[in-house]
Chemist: 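Okay, here's the structure, questions in a sec.
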Protein chains: 2
Amino acid sequence: MALENTTLKNLFHRKGYKMTPQREAIYLLVKSRRGSHLSSEEIFDLLRDEHPGIGLATVYRALRVLEDMGLLHSLYLNDGKIRYEANDDTEDHRHHHLVCLDCGRVEEFALDLLGPLEKMVQEKSGFTVQDHSVKFYGICTTCRKVQKTGS
Amino acid sequence: MALENTTLKNLFHRKGYKMTPQREAIYLLVKSRRGSHLSSEEIFDLLRDEHPGIGLATVYRALRVLEDMGLLHSLYLNDGKIRYEANDDTEDHRHHHLVCLDCGRVEEFALDLLGPLEKMVQEKSGFTVQDHSVKFYGICTTCRKVQKTGS
DNA sequence: CTTTATGCAAATGTTTTGCATCGAA
DNA sequence: TTCGATGCAAAACATTTGCATAAAG
């Protein structure tokens, strides 16, 4: 725990940032809610218990910092706001998102299937590919059942 | 030409929409600028020559309609606005986007590599996959050269 | 101490909505 | 005719910024 804190502090300093209670709390919150895809506003609301005085602008600024540090990444789920997930250190790959076109729910798909494709893209395009983001659109099992049953 | 127009009109009617000059112009513009990823504002500006009285709200509404009809699709390139592309009828697949993390430029990658993966995702997740969207992030050839040369 | 981060409020930018009028079918 | 579409202005959101104060290093 102490070590983890030191590591986190080092991560901040390595990028020239200061570690503050707000930034730490935001990171820990997003990390603890794996699979939630929290927006800035949602994070702000969830944090108000613990940090009554926190400001929304701080959340926006902290999320950028945490993304720059490589602790989080942002994603867009077609609902007008940017959402955040913690980067899982135990996976060097990314999971994918399955978006249901009917109910809008978002599921995770744990496997990253793009490793080999990145290499091919790199060769064919000249781009040095560093990362990717993949969304699949379709109908989730729940909604498909409803459709079969009839409205 | 006459046939194409009829087809377009039918497409509108099939979904219960009326075909208007504005909607047609917006569709033709986006279609003619393949590879541009136009935003609503950009479309609005480009259309003012031809359609001096057009309103921005009309552009927003038309783009939704055209997307619902399957003529266009939207994409988010991390710059705060939604952009649109025409669906290419000659390709039943999607091209991918390569976003340069340095200069922000977006290149297209013509091959769709996800056909087989869609099937696998469908089997493993139970989702009926209908579509997908893929972005690769990296450094484009131009920016890599600059980096090598030194700033 | 020095410098960066915070909180608040105001500003910005994008997208949506209300409503009277217009035009497609 | 009828009902959906348009244009305009206002409203609604999401996000950013300016600035005085607070706190990290």
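On a predicted model such as this, the values are computed, not experimentally measured, just so you know. In what follows, every chain begins at residue 1, and chains take the letters A, B, ... in the order their sequences are listed.
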Chemist: Would you kindly compare R83(B) and K18(B) by the position of their nearest DNA chain C nucleotide and give the one closer to the 5′ end?
Modeler: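 Nearest-nucleotide comparison on DNA chain C picks R83(B).
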
Chemist: How far apart are the closest heavy atoms of R23(A) and A62(A), and which atoms are they?
Modeler: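 Here R23(A) and A62(A) meet closest at CG-CB, 4.0 Å.
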
Chemist: Measure CD/E42(B) against P/dG13(C) and give the value in whole Å, please.
Modeler: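 Result: 15 Å.
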
Chemist: Write down the distance between NE2 (H13(A)) and C1' (dT3(C)), rounded to a whole number of angstrom.
Modeler: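 H13(A) atom NE2 is separated from dT3(C) atom C1' by 13 Å.
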
Chemist: Is the distance from OP1 or OP2 of dT6(C) to the nearest side-chain N or O of T20(A) less than 4.0 Å?
Modeler: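 So the side-chain polar atoms of T20(A) do come within 4.0 Å of the phosphate oxygens OP1 or OP2 of dT6(C), strictly under.
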
Chemist: Whole angstrom is fine here: how far is it from CD in E24(B) over to P in dA24(C)?
Modeler: 11 Å

Chemist: Please check if atom CZ in R105(B) has more than 12 non-hydrogen atoms from other residues, nucleotides or ligands closer than 6.0 Å.
Modeler: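 Open: at most 12 neighbouring heavy atoms sit under 6.0 Å from CZ of R105(B).
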
Chemist: Any side-chain N or O of R23(B) less than 4.0 Å from the OP1 or OP2 oxygen of dA24(C)?
Modeler: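 It does not, given that no N or O in the side chain of R23(B) lies less than 4.0 Å from OP1 or OP2 of dA24(C).
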
Chemist: Do side-chain atoms of S125(B) reach the backbone of F127(B) as a donor and acceptor pair under 3.5 angstrom?
Modeler: yes

Chemist: Please check if the distance between the ring centroids of Y76(A) and Y76(B) is under 6.0 Å.
Modeler: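 Yes, close enough.
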
Chemist: So what does G53(A) touch, heavy atoms closer than 4.0 Å: a base, only the sugar-phosphate, or nothing?
Modeler: sugar-phosphate

Chemist: Just to confirm, is there a sub-4.0 Å distance from OP1 or OP2 of dA14(D) to any side-chain nitrogen or oxygen of K81(B)?
Modeler: no

Chemist: Just one of H97(B), H96(B), E107(B) clears the side chain to side chain contact (heavy atoms under 4.5 Å, CB included) bar with F136(B), so which one?
Modeler: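 It is H96(B), the one option of H97(B), H96(B), E107(B) that forms the side chain to side chain contact (heavy atoms under 4.5 Å, CB included) with F136(B).
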
Chemist: Quick one: K9(B) NZ to dG4(D) C1', roughly how many Å, whole number?
Modeler: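 Rounded to the whole Å, the gap is 15 Å.
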
Chemist: Between Y17(A) and T58(B), name the one whose nearest nucleotide on DNA chain D is closer to the 5' end.
Modeler: T58(B)

Chemist: For R64(A), does the CZ atom have more than 12 heavy-atom neighbours from other residues, nucleotides or ligands under 6.0 Å away?
Modeler: no

Chemist: Kindly determine whether E42(A) and H37(A) satisfy side chain to side chain donor-acceptor pair (under 3.5 Å), including the steps that lead there.
Modeler: CA-CA 10 Å; E42(A) 285 164 355; H37(A) 320 117; over 6 Å; no

Chemist: Using whole Å, what does the distance between atom C1' of nucleotide dT14(C) and atom OH of Y76(B) come to?
Modeler: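 Rounded to whole Å, this separation is 10 Å.
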
Chemist: Take A57(A) and L56(B), find for each the nucleotide of DNA chain C with the closest heavy atom, and name the residue whose nucleotide sits nearer the 5' end.
Modeler: A57(A)

Chemist: Does dT15(C) have OP1 or OP2 sitting under 4.0 Å from an N or O in the side chain of R64(B)?
Modeler: no

Chemist: Using whole Å, what does the distance between atom C1' of nucleotide dT15(C) and atom OH of Y84(B) come to?
Modeler: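 Rounding to the nearest Å, OH of Y84(B) and C1' of dT15(C) are 10 Å apart.
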
Chemist: Determine: side-chain N/O of Q22(A) to OP1/OP2 of dG7(C), distance under 4.0 Å, yes or no.
Modeler: yes

Chemist: Is R61(A) side chain donor-acceptor paired with the dG7(C) base, going by distance under 3.5 Å alone?
Modeler: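 Side chain to base: pair present.
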
Chemist: Any side-chain N or O of Y60(B) under 4.0 Å from OP1/OP2 of dT16(C)?
Modeler: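 No, outside the criterion.
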
Chemist: Go through the steps for H95(A) and D88(A) under the test side chain to side chain donor-acceptor pair (under 3.5 Å), then give the verdict.
Modeler: CA-CA 10 Å; H95(A) 60 262; D88(A) 194 337; over 6 Å; no

Chemist: Which whole-number value in Å describes the distance from L11(B) CG to dA25(C) P?
Modeler: 14 Å

Chemist: In degrees, rounded to 10°, what is the bend between the two ends of the helix from dC1(C)-dG25(D) to dA25(C)-dT1(D), using five pairs at each?
Modeler: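 Rounded to the nearest 10 degrees, the bend comes out at 50°.
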
Chemist: Let me know the distance between CZ of F44(B) and C1' of dA9(D), rounded to the nearest Å.
Modeler: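 In whole Å, dA9(D) C1' and F44(B) CZ are 13 Å from each other.
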
